[in-house]
Trainee: 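Pasting in a structure now, in structure tokens, and then I'll have a few things to ask.
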Amino acid sequence: MRIVDVVIIGSGPAGYTAAIYLGRAGIKPVLVSGLLEPGGALMKTGLVENFPGFEQGIEGPVLMQKMQKQAEKFFAQIISDDVVDIDFSDKIKLLKLSDGSALQARAVIIASGAKYRHLDIPGEAQFAGKGVSYCATCDGFFFSGKEVIVVGGGDTAIGEAIFLSSLAAKVTVIHRRDQLRATKTLIDKANSISNIEFIWDSVVAEIEGDESGVKGIIIKNAKASEKRTFACQGVFIAIGHNPSTAIFQNKLDLDDNGYIKVKANNTSTSEKGVFAAGDCTDGKYRQAVIASAGGAKAALDVDEYLKEID
């Protein structure tokens with residue numbers, strides 16, 4: 001089994017950017033893209049207007065295709081497979097793939113990302129990108145002057161509601177309990193905004209719409225089991241994220257939410273020669289441009305690391 005310089009796990013903005021930077025440094029990385037969701041969350045995103053360099057915006061899948069081609073231009077070898085097991089204990093890292101093969105690498109960059117938690121209700125997948133969103137800072141602009149729903153009761157949901165209140169005509173927060181889980185500062189701010197309202201003890205049972213997008217939702221009272229229809233043009237689901245880090249449990253230091261811990265001044269993890277970048281390390285911002293910046297940092301850190309061990 002040949003030993004490569006670097007294996008990158010993940011093919012989102014962080015992974016592709018790391019590959020581009022490594023290639024430019026004369027290091028040919030192997031990038032394991034994943035089987036189910038190569039390209040990461042942006043492959044399910046519509047128009048992206050906040051990624052620098054595209055004044056008219058760019059569709060998420062198109063952006064990821066461009067990043068992939070640029071990585072391949074700089075000699076990245078892309079493998080369409082999943083990493084199913086790892087051994088980071090030795091100087092040479094071992095990564096086992098789902099097809100039964102394995103890779104050995106002197107260094108590893110983890111850019112496995114994070115996934116939005118879904119409601120798993122009728123209409124959610126159908127209207128994703130057509131009124132259903134998981135990121136207010138990404139998609140809020142498209143709902144200017146419209147009535148929108150935010151589902152959730154934690155800091156993320158209330159922060160999304162506050163952000164949307166400056167764009168949407170009306171923001172209604174639907175929470176399954178009778179009180180919010182968010183911090184008091186956020187709750188007080190939300191309560192002070194006139195176009196934010198709350199529906200308590202309720203869940204969204206179904207999302208309705210037509211070919212033009214979301215038209216409304218069906219709300220179910222969690223206590224009385226009563227259902228009613230609520231008109232809206234947008235549904236923002238803010239019930240949290242799950243970092244894609246399951247295989248790194250007990251192999252790397254993770255925080256209480258499962259995100260990979262990196263050092264304050266670089267992208268190093270708890271294992272020497274293993275680096276991490278992007279949403280698998282970031283439970284706060286979750287922005288493509290920040291993930292790309294993390295990928296660039298990881299590539300520079302790996303370049304320095306390889307020179308040190310040589």
Side-chain angles (χ1 to χ4, degrees), residues 41-42 44-63 116-119 121-176 180 182 185-200 202-220 227-241 285-290:
L42 281 179
K44 295 183 178 180
T45 303
L47 189 66
V48 178
E49 292 194 312
N50 56 1
F51 198 91
F54 301 95
E55 69 276 12
Q56 301 302 321
I58 184 170
E59 295 291 326
V62 177
L63 177 60
Y116 296 110
R117 292 178 186 161
H118 292 241
L119 294 173
I121 58 173
E124 181 180 4
Q126 179 183 354
F127 295 108
K130 298 179 181 179
V132 173
S133 174
Y134 301 87
C135 177
T137 54
C138 305
D139 301 327
F141 175 80
F142 300 111
F143 297 88
S144 296
K146 298 181 180 180
E147 295 190 8
V148 301
I149 295 291
V150 174
V151 183
D155 285 352
T156 299
I158 304 309
E160 300 266 272
I162 292 169
F163 177 85
L164 289 166
S165 67
S166 63
L167 298 167
K170 180 182 176 183
V171 180
T172 302
V173 178
I174 298 178
H175 187 41
R176 59 182 177 175
L180 299 170
T185 303
L186 282 174
I187 294 173
D188 290 344
K189 185 172 182 179
N191 285 330
S192 71
I193 299 174
S194 60
N195 66 334
I196 295 181
E197 297 182 0
F198 296 88
I199 296 177
W200 305 105
S202 299
V203 296
V204 179
E206 185 174 347
I207 300 170
E208 300 181 316
D210 56 27
E211 64 278 357
S212 65
V214 169
K215 297 298 180 184
I217 59 174
I218 295 177
I219 301 173
K220 179 181 178 181
K227 291 184 179 181
R228 64 187 177 100
T229 301
F230 190 97
C232 64
Q233 291 80 53
V235 179
F236 287 82
I237 299 171
I239 56 175
H241 299 75
Y285 296 105
R286 297 185 296 273
Q287 298 295 307
V289 67
I290 295 175

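Keep in mind that what you see is a predicted model, and the values were worked out from it rather than measured. Counting from 1, the numbers follow the sequence of the chain as shown.
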Trainee: Any donor and acceptor pair, going by atom type alone, linking the side chain of Glu197 with main-chain N or O of Thr172 inside 3.5 Å?
Mentor: no
Trainee: How would you list, by chain and number, every residue that makes a ring pair (Phe, Tyr, Trp, His ring centres under 6.0 Å) with Tyr116, sequence neighbours excluded?
Mentor: Tyr134, His241
Trainee: Heavy atoms, side chains only, cut-off 4.5 Å: are Lys215 and Glu208 in contact?
Mentor: no
Trainee: So which heavy atom on Ala157 is nearest to which on Val151, and how close?
Mentor: CB-O, 4.2 Å
Trainee: Taking C-beta and beyond as the side chain, do Asn50 and Phe141 meet within less than 4.5 Å on heavy atoms?
Mentor: no
Trainee: Return the minimal non-hydrogen interatomic distance between Ser133 and Asp139, and the atom names on each side.
Mentor: OG-OD2, 2.6 Å
Trainee: Are the side chains of Arg228 and Ile199 in contact, using a 4.5 Å heavy-atom criterion?
Mentor: yes
Trainee: What residues form a ring pair (Phe, Tyr, Trp, His ring centres under 6.0 Å) with Phe143, not counting sequence neighbours?
Mentor: Phe236
Trainee: If I take atom OG from residue Ser202 and atom CZ from residue Arg176, how far apart are they, to the nearest 0.5 angstrom?
Mentor: 12.5 Å
Trainee: Check Ala205 against Lys220 and note the closest heavy-atom contact, atom names and distance.
Mentor: CB-CB, 4.3 Å
Trainee: Would you give the length of the straight line joining atom OG of Ser144 to atom CG of Leu164, rounded to the nearest 0.5 angstrom?
Mentor: 9.5 Å
Trainee: Do the side chains of Leu167 and Phe142 get nearer than 4.5 Å, heavy atoms only?
Mentor: no
Trainee: Which class fits the ring pair Phe51 and Phe54: parallel under 30°, tilted 30 to 60°, perpendicular over 60°?
Mentor: tilted
Trainee: I need the Ile239 CD1 to His118 NE2 distance, nearest 0.5 Å.
Mentor: 8.5 Å
Trainee: With heavy-atom distances below 4.5 Å as the criterion, would you say the side chains of Phe127 and Asp210 are in contact?
Mentor: no
Trainee: To the nearest 0.5 Å, how far apart are SG in Cys138 and CD in Glu49?
Mentor: 11.5 Å
Trainee: Is the backbone of Leu119 close enough, under 3.5 Å, to the side chain of Glu124 for a donor and an acceptor to pair up by distance?
Mentor: yes
Trainee: If you round to the nearest 0.5 Å, how far is OG1 of Thr185 from CD1 of Ile158?
Mentor: 12.5 Å
Trainee: Under 4.5 Å between any side-chain heavy atoms of Ile174 and Ile217, yes or no?
Mentor: yes
Trainee: Going from CD1 on Ile193 to CD1 on Ile162, what distance comes out if it is rounded to the nearest 0.5 angstrom?
Mentor: 5.0 Å
Trainee: Between Ala238 and Glu160, which heavy-atom pair has the shortest distance, and what is it?
Mentor: CB-CG, 4.1 Å
Trainee: Search all heavy atoms of Ala288 against all heavy atoms of Leu42 and return the closest pair with its distance.
Mentor: CB-CD1, 3.8 Å
Trainee: Taking all heavy atoms of Ala168 and all of Val148, pick out the closest pair and write down the distance.
Mentor: CB-CG2, 3.9 Å
Trainee: State, yes or no, whether a side-chain contact exists between Lys170 and Cys232 at a heavy-atom distance under 4.5 Å.
Mentor: no
